[in-house]
Asker: 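First the structure, then my questions, so here it is.
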Amino acid sequence: MSAAEPKQNPTPYELLGGQRALFCLVERFYALMDSEPEYFAVRKLHPDDLTNSRDKLFMFLSGYLGGPPLYHEKIGNPMLRARHLPFPIGKAERDAWLACMRRALEDTAIEPPELRDWLMQQFFGTADWMRNKQGDMPGQA
Ligand code: HEM
């Protein structure tokens, strides 16, 4: 960037600490999911080995938060709702996913709290839109 160019606002990816911080967050998210019984509603939908799930979430969030679009480059269009259709997702699964992510944000000391709250709002929108159980779809209370 030349000195004459205005400085861009930092992306959420930069604010949370870039690649290393994002990887720690995703690693913690799946470690919690794998060990804490309160997240079993989502754990049970995943394969035994979470390595692939972790890598895909890391690649997806990289682009979603304004960093390198790794998922697009390596896999393609995320089509997240379609990719989640094989898994029954209702409010219980949504809320377990979100609770696990909130705890991972706290454990990895993503600061300030306003950034964590903003991230949780974004994740809520995406997780809620993933609901696909009969009678428990997005837009249904
Ligand atoms: C709402 C509750 C959610 C549940 C129960 C859920 C569950 C799952 C499961 C079971 C998989 C398959 C894992 C695998 O094949 O290894 C998966 C994949 C994935 N999930 Fe979720 N998920 C949820 C929400 C989210 C949210 C909110 C995001 C993003 C912010 C997300 C991003 C992804 C990505 C990127 C993949 C990999 C897709 C692929 O390439 O196959 N998920 N999820």
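Every number for a ligand or one of its atoms is a count from 1 in the order of the listing.
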Asker: Got an N/O contact under 3.5 Å between Ser53 and ligand 1?
Answerer: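 N/O-N/O distance under 3.5 Å: yes.
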Asker: Could you walk me through whether Arg131 and Glu93 pass the salt bridge (Lys or Arg N to Asp or Glu O under 4.0 Å) test, one step at a time?
Answerer: CA-CA 9 Å; Arg131 286 195 281 143; Glu93 292 77 15; over 6 Å; no
Asker: Got an N/O contact under 3.5 Å between His84 and ligand 1?
Answerer: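 Yes, there is a polar N/O contact under 3.5 Å.
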Asker: Determine whether the aromatic ring centres of residues Tyr30 and His46 are separated by less than 6.0 angstrom.
Answerer: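 Yes - the distance between ring centres of His46 and Tyr30 falls below the 6.0 Å cut-off.
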Asker: Show your working on side-chain contact (heavy atoms from CB on, under 4.5 Å) between Glu111 and Arg116 and close with a plain yes or no.
Answerer: CA-CA 7 Å; Glu111 298 285 353; Arg116 294 203 295 266; 3.7 Å; yes
Asker: Any link between Leu85 and Met137 through a network of hydrophobic side chains (Ile, Leu, Val, Met, Phe, Trp, Tyr) touching at under 4.5 Å?
Answerer: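 Each belongs to a different hydrophobic cluster.
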Asker: Decide side chain to side chain donor-acceptor pair (under 3.5 Å) for Thr126 and Tyr64; before the verdict, give the C-alpha distance in whole Å, the side-chain angles of both, and the deciding distance to 0.1 Å.
Answerer: CA-CA 11 Å; Thr126 306; Tyr64 177 87; 2.7 Å; yes
Asker: Relative to the heavy atoms of Ile89, which atoms of ligand 1 are at a distance of less than 4.0 Å?
Answerer: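 Contacts of ligand 1 toward Ile89, numbered from 1: 1 (C), 2 (C), 3 (C), 4 (C), 5 (C).
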Asker: Within this structure, what is the NE2-CG distance for the pair His72 and Asn77, rounded to the nearest 0.5 Å?
Answerer: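 Separation between the atoms: 5.0 Å.
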Asker: What about Trp97 and Tyr39, are their ring centers closer than 6.0 Å?
Answerer: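 Between Trp97 and Tyr39, the centre distance exceeds or equals 6.0 Å.
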Asker: Do Lys56 and ligand 1 have an N or O pair less than 3.5 Å apart?
Answerer: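 Between Lys56 and ligand 1, an N or O pair is found under 3.5 Å apart.
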Asker: At less than 4.0 angstrom from any non-hydrogen atom of Arg94, what atoms of ligand 1 do you find?
Answerer: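 Under 4.0 Å from Arg94, ligand 1 has these atoms: 1 (C), 2 (C).
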Asker: Quick test of your reading of the structure: of Phe87, Tyr71, Trp97, Tyr64, whose heavy atom lies closest to atom 23 (C) of ligand 1?
Answerer: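 Residue with the shortest heavy-atom distance to the ligand atom: Trp97.
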Asker: For Leu50, which part has a heavy atom under 4.0 Å from ligand 1: side chain, backbone, both, or neither?
Answerer: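 The answer is neither.
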Asker: Would you say Pro47 contacts ligand 1, with heavy atoms under 4.0 Å as the rule?
Answerer: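 It does, in that a heavy atom of Pro47 comes within the 4.0 Å cut-off of ligand 1.
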Asker: May I ask you to check if ligand 1 and Glu93 share an N or O to N or O distance below 3.5 Å?
Answerer: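 Such a contact does not occur with ligand 1.
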Asker: Less than 4.0 Å is my threshold; does some heavy atom of Leu57 fall inside it relative to ligand 1?
Answerer: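 It does; at least one heavy atom falls under 4.0 Å.
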Asker: For the pair Arg102 and Asp117, find out whether any cationic side-chain nitrogen is under 4.0 Å from an anionic carboxylate oxygen.
Answerer: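 Looking at Asp117 together with Arg102, the answer is yes, because their closest N to O distance falls below 4.0 Å.
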Asker: With a cut-off of 4.0 Å, which atoms of ligand 1 are near a heavy atom of Arg83?
Answerer: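 Near Arg83, the atoms of ligand 1 are 38 (C), 39 (C), 40 (O), 41 (O).
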Asker: Give the residue, atom name and distance (to 0.1 Å) of the protein heavy atom nearest atom 7 (C) of ligand 1.
Answerer: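 Closest protein heavy atom to atom 7 (C) of ligand 1: His46 CE1, 3.5 Å.
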Asker: Suppose we measure from atom 34 (C) of ligand 1 to each protein heavy atom; which comes out shortest, and what is that distance?
Answerer: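 Checking every protein heavy atom, the shortest distance to atom 34 (C) of ligand 1 gives Leu80 CD2, 3.8 Å.
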Asker: Considering only heavy atoms, does Leu45 approach ligand 1 within less than 4.0 Å through its side chain, its backbone, both, or neither?
Answerer: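 For Leu45, backbone and side-chain atoms both sit under 4.0 Å from ligand 1.
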Asker: Is the CD atom of Glu106 crowded by more than 12 outside heavy atoms at less than 6.0 Å?
Answerer: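 Yes.
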Asker: Which value, rounded to the nearest 0.5 Å, describes the distance between Leu45 atom CG and Met33 atom CE?
Answerer: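 The CE atom of Met33 is 8.5 Å from CG of Leu45, to the nearest 0.5 Å.
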Asker: I want to confirm something. Looking only at heavy atoms, which of Asp48, Asp95, Val42 is nearest to atom 5 (C) of ligand 1?
Answerer: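 Considering heavy atoms of Asp48, Asp95, Val42, the nearest to atom 5 (C) of ligand 1 sits in Val42.
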Asker: State the atoms of ligand 1, each with its element, that fall below the 4.0 Å cut-off from a heavy-atom position in Ala127.
Answerer: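 Those qualifying, in numeric order: 1 (C), 27 (C).
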Asker: How far is atom 35 (C) of ligand 1 from the closest protein heavy atom, and which atom is that?
Answerer: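 In this structure, atom 35 (C) of ligand 1 has Phe60 CB, 3.5 Å as its nearest protein heavy atom.
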Asker: Decide yes or no on salt bridge (Lys or Arg N to Asp or Glu O under 4.0 Å) for Glu36 and Arg43, but give the supporting numbers first.
Answerer: CA-CA 9 Å; Glu36 302 291 320; Arg43 176 63 186 97; over 6 Å; no
